[in-house]
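The structure under discussion appears below in the form of structure tokens.
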Amino acid sequence: MVQIKNLHASIAGKEILKGLTLDIPDGQVHAIMGPNGSGKSTLSYVIAGREGYEVTGGEILLDGQNIMAMAPEERAAAGLFLAFQYPVEIPGVAMTMFMKTAINGIRKQRGEGEIDALDFLKLMKKKQAELGMSDEMMKRAVNVGFSGGEKKRNEVLQMAMLEPRMAVLDETDSGLDIDALKVVADGVNKLRSDKRSFLVITHYQRLLDYIKPDVVHVMAAGKIVKTGGPELALELEKTGYAEYAA
Amino acid sequence: MSSITQETIDQVEALGGKYEAGFVTDIESEKAPKGLSEDTVRFVSAKKGEPEWLLEWRLKAFRHWQTMPEPTWAKVNFPEFDYQDAYYYASPLTKNKPKSLDEVDPKLLETYEKLGIPLREQEMLAGVAVDVVFDSVSVATTFRKQLAEQGIIFCSISDAIKEHPELVKKYLGSVVPYHDNKHACLNSAVFTDGSFVYIPPGVKCPMELSTYFRINEMNTGQFERTLIIADKGAYVSYLEGCTAPMRDENQLHAAVVELITHDDAEIKYSTVQNWYPGDENGKGGIYNFVTKRGMCEGKNSKISWTQVETGSAITWKYPSCILKGDNSQGEFYSVAITGNYQQADTGTKMIHIGRNTKSRIIAKTISAGKSDSTYRGQVKIMPKAINARNFTQCDSLLIGDQCGAHTVPYIESRNATAQLEHEATTSKIGDDQLFYCQQRGLSEEAAVALIVNGFCKEVLQNLPMEFAVEAQKLVAISLEGSVG
Ligand SMILES: Nc1ncnc2c1ncn2[C@@H]1O[C@H](COP(=O)(O)OP(=O)(O)OP(=O)(O)O)[C@@H](O)[C@H]1O
Ligand SMILES: [Mg+2]
């Protein structure tokens, strides 16, 4: 599904990703853990094509296709989704409207017609219910006045609505209470299929009790420094990152 | 109307950021001789077969105009306008004034169809009556008869002068006196046409009334005059729209709008201004120097201005309310968008005279390109205005780093019981907001349109339904190409 080969990227002339290689096959869930500032969010932005992140080497393939020249919205249309570590507020734009505009933006790029208004509402209701989000919340402006946990839940809702092929979740578990963590994990697990892959960035092994990863990576100083099975996360819980210090 | 739709975004993308209304209609016209003199004033008045009192009023205005200096306090820059190098009257050439739409030149009807303004009544938007002013004259007023059945007068001001002289004489210049300011003074001297509305006591106008202004002729100024009176307990919602062809030289538009509400009456006045703004190098475009003022004469009356200003090279405009009646209310909701080299200096004045008068100002300024935009607003509380209240909120949004936005509030309170609140913010469209939208599948331009429409929501939702969607599109179109 996604192959990242020897990726180098810098922000404002400072190299953050220093030769990162990662291969996520169809249907798998990979977790990345790593110290603060190791470049995890940077990786997620580079995958999603954010402006200002200069790729100085390497490439990213989605289903075998090099996506480096694609705009963020084209990557979205190709099935890439990023749940943000810090979801962004858009004042005055109601969640439902935002969601509909997003779905239609993607459909348009794929050469499909607009979603039927009724189908959209039904879909929205269903996904909302699964994630325990009220109608009232959907009438509010995107992320405006949402609590930290609500924002994260809202990211998962958007993912569920857009049904991506590949989803990157950047610390979606941070700031969630125990119940919300389960709801969010359920939301992710419902979407798991042999055609969809996930890259889950987290600091806490607890999330991985709910979302069982196939592979766990340790990232430090802009590189994947160790790869293993779910047991690696448990190990890290005990040892910390001391041995990976750059 | 919460925010922009996908349809809007598609249409905007299809338009590719062009000024759509920039074509010229090839139609023969009759013009006054070039330049401005007493003869021009007499020519205009004679063309319209006006009564003597009106000619006298015009001449008084003209003589006064000659003594007035150009206003210089606004934050706009432009070479001095050569008043002698312009025409003050242009009328599509027809032998007789058309009695019905069937007699209107098909080319004119075509023009309005292209602009999306349907004049044929059977094709009209449900519930909108339209008066259309082409260069200097009104060419059609629809639904006139249906409205007349309820005693509503909706016609061109020229017709009103002939058919309802007592009303015109009573109210013309009663809110904006001819000597008010240089531009209003010029308008009083040479105004050519415009709309007239009178709503009798107790009548709620059953449809939106709308005027559409179009400048077609080269070197022609448009000086329309609009007068709207809502008698006791009456209500009317009125919308004005405007376009002009793309031309290299600057054209002058100096309109005057006067509104009067008697006891318990309400006027809602909405403007979607899309005059040609000039090209990307700042060449051409309309000078939009407009005086709009409403008088809340009666108690419990209300005047609400909503404007979406996207066009014009220069906008100089302060729709205001004089809150004379006790418990009267004034509102001003504004979106002003400038791009390229456009300049806008716009805002409002709320003059509180009566007791318990309330005013509310919501101004949203969006600047892009090398444009410059100023909100200038005055709130004045007179000594007798016990318990007056004002709430003002001015928000500026900057796109790019070569544009400017300024907020200039003037507050004067002469009564200690007044409660005044003022809030102002300046922000930029964040890269994070753009990226967030793009990650969800929106193009950069669709993202800007969505974010800006969200920013303007409080104002746009005050527009009549039929026009809110249009306005959203216009907002999106006027920002085309302003990012990246
Ligand atoms: N715009 C920027 N300009 C300069 N440095 C930046 C910028 N953005 C990020 N960095 C730096 O890049 C490094 C990696 O940041 P990143 O956000 O990717 O880390 P992270 O692994 O996600 O950390 P955390 O676990 O705290 O979320 C940090 O040292 C950070 O300070
Ligand atoms: Mg991070």
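Every heavy atom of this structure was used, including side-chain atoms; hydrogens, water molecules and symmetry mates were not. Within every chain, numbering begins at 1; the chains are lettered A, B, ... in the order of the sequence lines, protein sequences first and strands thereafter.
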*Within a reach of under 6.0 Å around CZ of B:Arg389, are more than 12 heavy atoms found that belong to other residues, nucleotides or ligands?*
no

*Which residues pass the side-chain contact (heavy atoms from CB on, under 4.5 Å) test with A:Lys127, sequence neighbours left out?*
A:Leu123, A:Glu130, A:Leu157, A:Ala160, A:Met161, A:Glu163

_Is A:Phe81 close to chain B through its backbone or its side chain, or both, or neither, when contacts mean heavy atoms under 4.5 Å?_
both

*By a 4.5 Å heavy-atom criterion (distance strictly below it), what part of A:Glu74 contacts chain B: side chain, backbone, both, or neither?*
neither

*Among A:Gly49, A:Gly52, A:Pro72, residue most engaged with chain B (heavy-atom pairs, under 4.5 Å)*: A:Pro72

*Apply side-chain contact (heavy atoms from CB on, under 4.5 Å) to the pair A:Arg192 and A:Ile211, showing each step before the final yes or no.*
CA-CA 10 Å; A:Arg192 283 181 83 155; A:Ile211 304 174; 4.1 Å; yes

*Apply side-chain contact (heavy atoms from CB on, under 4.5 Å) to A:Lys14 and list each qualifying residue two or more places apart in sequence or on a separate chain.*
A:Ile16

*Could you look at A:Ala77 and say if it's the side chain, the backbone, both or neither that has a heavy atom under 4.5 Å from chain B?*
neither

*Sort B:Phe455 into side chain, backbone, both or neither according to what part of it lies under 4.5 angstrom from a heavy atom of chain A.*
backbone

*So what's closer than 4.5 Å to chain B heavy atoms on A:Pro164: side chain, backbone, both or neither?*
neither

*For A:Ile90, is it the side chain, the backbone, both or neither that has a heavy atom under 4.5 Å from a heavy atom of chain B?*
both

*What part of A:Arg75 is in contact with chain B, defined as an atom under 4.5 angstrom from a non-hydrogen atom: side chain, backbone, both or neither?*
neither

*Looking only at heavy atoms, which two atoms of B:Thr348 and B:Met350 are closest? And how far apart?*
OG1-CE, 3.9 Å

_Quick check against the 3.5 Å criterion: does B:Thr306 have a side-chain atom that pairs as donor or acceptor with the backbone of B:Tyr333?_
no

